[in-house]
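In this text, all values refer to a predicted model and were calculated from it rather than measured experimentally. In what follows, chains are A, B, ... by sequence order, proteins preceding strands, each numbered from 1.
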Amino acid sequence: MGKTLAIVCAALAATYLILSSMIPVRGMEDPVGPRMYPLLLGGGMLIIAMMLWLETRTAIPVSTPSAAPDPELRRRQRLGVFGAGAAALVYAATMESVGFLVTTFLLMIGMLTAFNRGKHLTNLLVAAGTSSVLYYGLKKFLGVPLPAGLFGFLG
Amino acid sequence: MDALPYVISGFEVALQPHNLMFVFVGTLLGTIIGILPGIGATAGIALLLPLTFGLEPVSALIMLCGIYYGSSYGGTAASVLINTPGDGTSVITVFDGYPMARNGRAGAALAVAAVGSFVAGTISVIALTLLAIPFSSVALQFGPAENFMLMIFTMSAVGAFTSGSLAKGMFSVFFGLMIATIGIDLQSGQERFVFGVPSLQDGVPFLSIVVGFFALTEVIYQIQGWYTGDLKPIRISGRLWCTPDEWRRSIGPITRGGIIGFIVGVLPGAGGIIATVISYATEKKLSKHPEMFGKGAIEGVAGPEAANNSSVSGNLVPLLTLGIPGSGVTAVLLGAFIMYGIQPGPQLMKEQPELVWGLIDSMYLGNIMLLVMNLPLIGLFVRILYLPSGILLTGILVVALTGVYSVNSSITEVYLALGFAIVGYFFRKADIPVAPLILGVVLGGLMEQAFRQGMTISSGDPMIFLSTPVCLILAVLTLGSLLMPVFQQIAAARRARRQANEAVSRG
């Protein structure tokens, strides 16, 4: 992990330095201009990449854990995280067209069905309650223009 | 007593009915956030920050600060009852708080924590009141060079001390500074790293960063934790009060913890966790029965809890008087100030004293409210621990996404927050601290401005940053903060080698 981080850091520094060197500088600016500070940061990041690399060489070895992580558990964890991530992406993509109230309710009921299993009535009440309180609370009390979408007639 | 007229005018602000209500709401939410395992003050403030945007700045800041010190009260309950700290500053409380709960003394542990937090919290707010004017008077003399060096020192200290690895801490600082360079350069009007995305011209939205790195990353971890089983809280049994002997044993630790917490809290990078560790070590050293520590010694709860709460006011000293945050939470608070168009620091204390002193005085009131709320109602609050984690993580996800969207009605900012959540997840996986990154993001713009102003004044001579005694002291402190972890690592490596050699020679 340490060496990978050092490589990622070096790649980030190099990319940032290249992009920084492309920032145009006009003649009449202050002695520093818009380019010097990012160049200094990029240089600093390169030094940090070297420090990260050196740390992996001088790190004190720690004893390995006695039990290896359960592969089935890790698979399910990954599935849960990716599922929630995909749901959040779909939520963001559809919120403005479908409306805040409906998409928030659907996101919540989906997540609750997955992570609060078997409690359908509770889940339904929590999803409907939270999405309504957020929608009307933000819209009516704080004046936030949340998208009404397909259900604009609800106000 | 230069501060007295300001303190009085501050109370006029803090005692206004709507501000009193926000003190109450902030401390209540803080307590609840503190109780929830894993969600600390930083994530809590990040999560609720967007929802405060319709409020007056002073009311919103009173509420956000209430969340900050309220969470340090709430964190104790999770440590004592489920052996899981609400956040990092409550880790030490687990050592003796949980054994006390298992011995049927959960009520005593919670009571001493609440009273200790109140006493230490009040001591530290008094210290903040007394130090605010002298600190800001000194800061008013600072020019761009001193300001630049102060920011360099703060970032190096936070980067060096918030994780076991200097390189990882500094990586986090520089990553934050790089993010802060995205957008239009205010001096030349030149676009930098915008890649044609119009919404990046004003820079990367601060809320997308904090919500992504703290609240949404926490959701990912909660989902992973959901598959590994539930936490089983210990029920509070008996009276929520201590015996006379327990009170007698707690007075010293509470007083010492209060002083330690404040002093450590003022130092950049140190913060609540180090304050609690120092307090615990001090109490163990001073105790006639050090062997009882780790088995339910009340001193092991009283001292660290006092230090934890006291460090909050200490942390606010550099933020309010210098405009420089010394920790992740205060960096998020500085971001909140800036989002309200307020730049904390000596000028703010001069130009808007009612805001600063209203905020400071609200903390006196907040501490009283927390004591009143926590002693009789803690049994009620801890019921949150019985809330199914599926409901909790879903709630956090929805509030976080809604909050990010609601500020500018921008879906791009929601996508950015989701992107930062992924980066935040890898940061946690790789054990990279996030607090230095937030500090870099918040201070990046100010630091570049101070750097360029300094260079303009000196016609491009970088020696201006070492030209005054203050600059030189700050340079030495910066060097010290960077070298100390290196020496510590070398010493640890030598110790490990020696132990390995001894083991080989014995074997």
Provide the closest heavy-atom pair for B/I411 versus A/A92 in the form atom of the first, atom of the second, distance. CD1-O, 3.3 Å
If one checks every heavy atom of A/L112 against chain B at 4.5 Å, the contacting part turns out to be both
So for A/R74, is it side chain, backbone, both, or neither that comes closer than 4.5 Å to the heavy atoms of chain B? neither
I need the residue from A/M108, A/M22, A/R35 with the largest number of non-hydrogen atom pairs under 4.5 Å to chain B. A/M108
Test item: A/E55 side-chain N/O and B/A167 main-chain N/O as donor-acceptor pair under 3.5 Å: yes
Indicate whether the side chain of A/Y135 and that of B/T402 have a donor and an acceptor atom separated by less than 3.5 Å. no
Using a 4.5 angstrom heavy-atom cutoff, name the option from A/N116, A/T4, A/T122 with the most pairs to chain B. A/N116
Check whether any side-chain N or O of B/Q224 sits under 3.5 Å from a backbone N or O of A/Q77 as a donor-acceptor pair, and report yes or no. no
Within a strict 4.5 Å, meaning less than it, do heavy atoms of the A/V81 and B/Y425 side chains meet? no
Could you pull out all residues at least two apart from A/R76 that satisfy side chain to side chain contact (heavy atoms under 4.5 Å, CB included)? A/E72, A/L73, B/Y227
Heavy-atom pairs under 4.5 Å with chain A: which of B/M170, B/M455, B/R192 has the most? B/R192
For A/M36, is it the side chain, the backbone, both, or neither that has a heavy atom closer than 4.5 Å to a heavy atom of chain B? side chain
Rounded to the nearest 0.5 angstrom, the CZ-OG distance for A/F100 and B/S409 is 11.0 Å
Closest contact, heavy atoms only, B/F174 versus A/G44: CE2-CA, 3.6 Å
Only pairs of heavy atoms separated by less than 4.5 Å count here; which of A/P147, A/A13, A/A114 has the most with chain B? A/P147
Expected contact set for residues 5-12 of chain A against chain B at heavy-atom separation under 4.5 Å reads A/L5, A/C9, A/L12
With heavy-atom distances below 4.5 Å as the criterion, would you say the side chains of A/P24 and B/Q190 are in contact? yes
Report the option among B/I391, B/D185, B/T394, B/L51 that has the most heavy-atom pairs separated by less than 4.5 Å from atoms of chain A. B/T394
Which is it for B/F175 and A/L41 under the side chain to side chain contact (heavy atoms under 4.5 Å, CB included) test, yes or no, and what are the steps along the way? CA-CA 9 Å; B/F175 195 68; A/L41 291 182; over 6 Å; no
Any side-chain heavy-atom pair of A/Y91 and B/L397 under 4.5 Å: no
Interface moiety of A/A93 toward chain B, non-hydrogen atoms closer than 4.5 Å: both
Quick check on the interface: out of A/G110, A/G85, A/S20, who has the most heavy-atom pairs with chain B under 4.5 Å? A/S20
Are any non-hydrogen side-chain atoms of B/F171 and A/M45 less than 4.5 angstrom apart? yes
Can you find a pair of side-chain heavy atoms, one from A/Y16 and one from B/F193, that are under 4.5 Å apart? yes
How far does CG of B/L392 sit from CZ of A/F115, to the nearest 0.5 angstrom? 12.5 Å
Part of A/L52 within contact of chain B (heavy atom distance under 4.5 Å): both
Mind running side chain to side chain contact (heavy atoms under 4.5 Å, CB included) on A/Y37 and B/L177 for me, showing each step along the way? CA-CA 10 Å; A/Y37 180 76; B/L177 290 173; 3.8 Å; yes
